[in-house]
Amino acid sequence: DWGYTDDNGPSTWAEKYPLAAGARQSPVDIDTSKATSDNSLVDREIDWSYPSNCSYRIVNTGYGWRVDTYGDDTALSGGPLSEVYKLEQFHCHWGATNDEGSEHTVDGKSYAAELHLVHWNSEKYSSFKEAASQPDGLAVLGVFMEIGNADNAELEKIISLIPKIIHKGQDSQASFDLDFGSLLPESKHYWTYLGSLTTPPCNECVIWTVFKEPITISERQLEVFRSLKSVGEEDAIEPEEGKLVKNYRPPLPLGNRVLRECGP
Ligand SMILES: NS(=O)(=O)c1ccc(NC(=O)NCCO)cc1
Ligand SMILES: [Zn+2]
């Protein structure tokens with residue numbers, strides 16, 4: 001199966017997942033000199049509403065942790081979006097060391113990790129699965145994470161559950177009050193472009209919005225991410241083997257896509 005090691009990593013994905021070789025792939029390097037500011041984005045401020053208390057399921061997908069939300073009363077609209085999108089899940093990508101880990105890069109700079117909030121166009125399509133096969137089906141918010149001294153209190157609610165899902169396939173049900181607002185940066189300055197899922201099958205169905213301002217996470221919290229395993233409990237392997245120390249796809253060419261920028 002695909003993964004992030006030398007023999008099943010991003011450079012091999014196109015063999016089994018042909019979309020991975022497409023012209024609208026993600027992530028990309030955000031070349032700030034190529035970004036064009038767009039007044040139509042200014043007039044339609046990006047707007048989100050997430051419930052303060054909700055029940056969630058956190059799962060070890062084998063590629064990282066993912067929190068499945070039951071996106072009933074969630075909504076993302078405005079900015080590059082023409083319809084209202086619902087939050088389906090959120091997850092993170094990280095690296096083995098702090099000088100890599102984000103998927104998008106900014107003028108070649110990587111951040112230590114990147115949070116993805118995955119939404120689907122519930123106004124036009126009847127399911128996430130259907131939306132994931134449409135060019136305007138998904139809207140993903142990307143938030144860079146850099147190492148800071150303090151723990152990120154909101155992320156800590158998720159990180160405290162990770163010891164329960166160390167092995168692939170394990171999940172944990174929890175209802176906690178997550179303040180999504182604090183998982184997003186203060187500044188709404190963002191870049192937006194048309195791209196894809198950054199993991200197989202790499203469908204070209206995502207309207208990407210990547211915030212310029214990073215949020216912070218502590219080294220300890222990032223180490224907890226790296227303690228996840230990509231193999232199931234039944235795979236008898238050495239304790240140090242199978243650790244998910246990195247799960248990011250390096251950038252793909254922007255090609256002739258437009259990169260728009262909005263914000264102060
Ligand atoms: N990294 S990413 O581009 O945000 C992404 C989001 C959703 C998926 N796939 C997904 O949610 N599939 C539905 C069941 O897992 C893959 C990659
Ligand atoms: Zn992602």
Side-chain angles (χ1 to χ4, degrees), residues 1-4 9-10 13-14 16-17 19-20 22 24-28 30 48 56-71 74 76 80-81 85-95 100-105 110-122 125-145 155 158 165 168-171 180 183-184 190-211 214-215 217 222 225 228 230 244 246-252 254 257:
D1 194 10
W2 66 272
Y4 294 92
W13 292 353
K16 290 184 186 161
Y17 302 95
L19 297 177
R24 181 190 147 165
Q25 289 292 292
S26 292
V28 296
I30 293 168
W48 55 74
Y56 304 97
R57 169 177 173 264
I58 186 168
V59 56
N60 178 332
T61 59
Y63 311 115
W65 58 264
R66 189 188 72 210
V67 174
D68 294 330
T69 62
Y70 306 105
T74 63
L76 176 70
L81 307 176
Y85 289 65
K86 279 193 188 315
L87 180 65
E88 171 78 8
Q89 52 105 327
F90 61 95
H91 62 273
C92 211
H93 301 266
W94 58 85
E100 56 171 33
S102 64
E103 298 211 298
H104 291 88
T105 54
S110 291
Y111 285 87
E114 185 172 331
L115 179 68
H116 288 160
L117 295 121
V118 182
H119 307 72
W120 61 284
N121 191 333
S122 57
Y125 308 113
S126 54
S127 71
F128 174 90
K129 194 164 181 300
E130 182 198 354
S133 66
Q134 308 295 327
D136 61 351
L138 302 190
V140 183
L141 298 181
V143 184
F144 292 122
M145 302 167 102
L155 278 176
I158 295 154
I165 58 163
K168 178 177 179 178
Q170 291 180 318
D171 69 342
F180 284 93
L183 288 180
L184 295 165
Y190 64 85
W191 294 283
T192 181
Y193 75 99
L194 297 180
S196 73
L197 301 180
T198 66
T199 63
C202 301
N203 302 14
E204 297 185 332
C205 63
V206 182
I207 297 173
W208 275 97
T209 297
V210 180
F211 290 103
I215 61 171
I217 180 172
L222 203 46
F225 287 178
L228 279 171
S230 61
L244 250 174
K246 74 177 200 179
N247 61 359
Y248 69 93
R249 186 188 195 185
L252 286 306
L254 182 68
R257 288 178 278 179

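Side-chain atoms are counted along with the backbone in the values below, which use heavy atoms only and exclude waters and symmetry mates. Starting from 1, each residue takes its place in the sequence as its number. First listed ligand is number 1; within each ligand, the first listed atom is number 1.
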Just need the protein heavy atom nearest to [atom], so name the residue and atom and give the distance.
atom                    : answer
atom 17 (C) of ligand 1 : T199 OG1, 3.3 Å
atom 9 (N) of ligand 1  : L197 CD1, 4.3 Å
atom 3 (O) of ligand 1  : T198 N, 2.9 Å
atom 4 (O) of ligand 1  : H91 CE1, 3.2 Å
atom 11 (O) of ligand 1 : Q89 NE2, 3.1 Å

Taking the side chain as everything from C-beta on, heavy atoms only, tell me whether [X] gets closer than 4.5 Å to [Y].
X    : Y    : value
T209 : P80  : yes
M145 : E114 : no
W65  : F90  : yes
Q134 : N203 : no

task = Please verify whether a non-hydrogen atom of F90 lies at under 4.0 Å from ligand 1.
result =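 Not so, F90 does not reach ligand 1.
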
Should the proximity of [X] to ligand 1, defined as any heavy atom under 4.0 Å, be assigned to the side chain, the backbone, both, or neither?
X    : answer
K129 : neither
E88  : neither
Y248 : neither

Would you mind running through ligand 1 and noting each atom that sits below 4.0 Å from a heavy atom of [X]?
X    : result
R66  : 15 (O)
F128 : 10 (C), 11 (O), 12 (N), 13 (C)
H93  : 1 (N)
V118 : 4 (O), 6 (C)

inquiry  = The criterion is ring pair (Phe, Tyr, Trp, His ring centres under 6.0 Å); which residues satisfy it with F144, sequence neighbours excluded?
reply    =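 With neighbours one apart ignored, the set is Y111.
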
message = Going by the rule ring pair (Phe, Tyr, Trp, His ring centres under 6.0 Å), which residues pair with Y63 if we only count those two or more places apart in sequence or in a different chain?
response =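 Scan of Y63 (ring pair (Phe, Tyr, Trp, His ring centres under 6.0 Å), adjacent residues dropped) gives W2.
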
key: Y125-D136 side chain donor-acceptor pair, cut-off 3.5 Å   =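 D136 and Y125 do have a side-chain donor-acceptor pair below 3.5 Å.
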
task = Using distance alone, with no hydrogens and no angle criterion, decide if Y193 and H104 have a side-chain donor and acceptor under 3.5 Å apart.
result =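 Checked: Y193/H104 side chains pair up, N/O donor to acceptor below 3.5 Å.
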
query = What is the minimum heavy-atom distance between A113 and S102, and which atoms define it?
reply = O-CB, 3.9 Å

ask   = Looking at Y4 and R249, what are the two nearest heavy atoms and their distance?
value =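 Heavy-atom minimum between the residues: CE2-N, 4.1 Å.
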
remark   = With a cut-off of 2.8 Å, strictly less than, protein N/O/S atoms near the Zn ion (ligand 2) add up to 3

key: Evaluation steps, side-chain hydrogen bond (donor to acceptor under 3.5 Å, both in side chains), between T198 and E103   = CA-CA 8 Å; T198 66; E103 298 211 298; 2.6 Å; yes

inquiry  = Going by the rule salt bridge (Lys or Arg N to Asp or Glu O under 4.0 Å), which residues pair with D68 if we only count those two or more places apart in sequence or in a different chain?
reply    =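 With neighbours one apart ignored, the set is R57, R66.
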
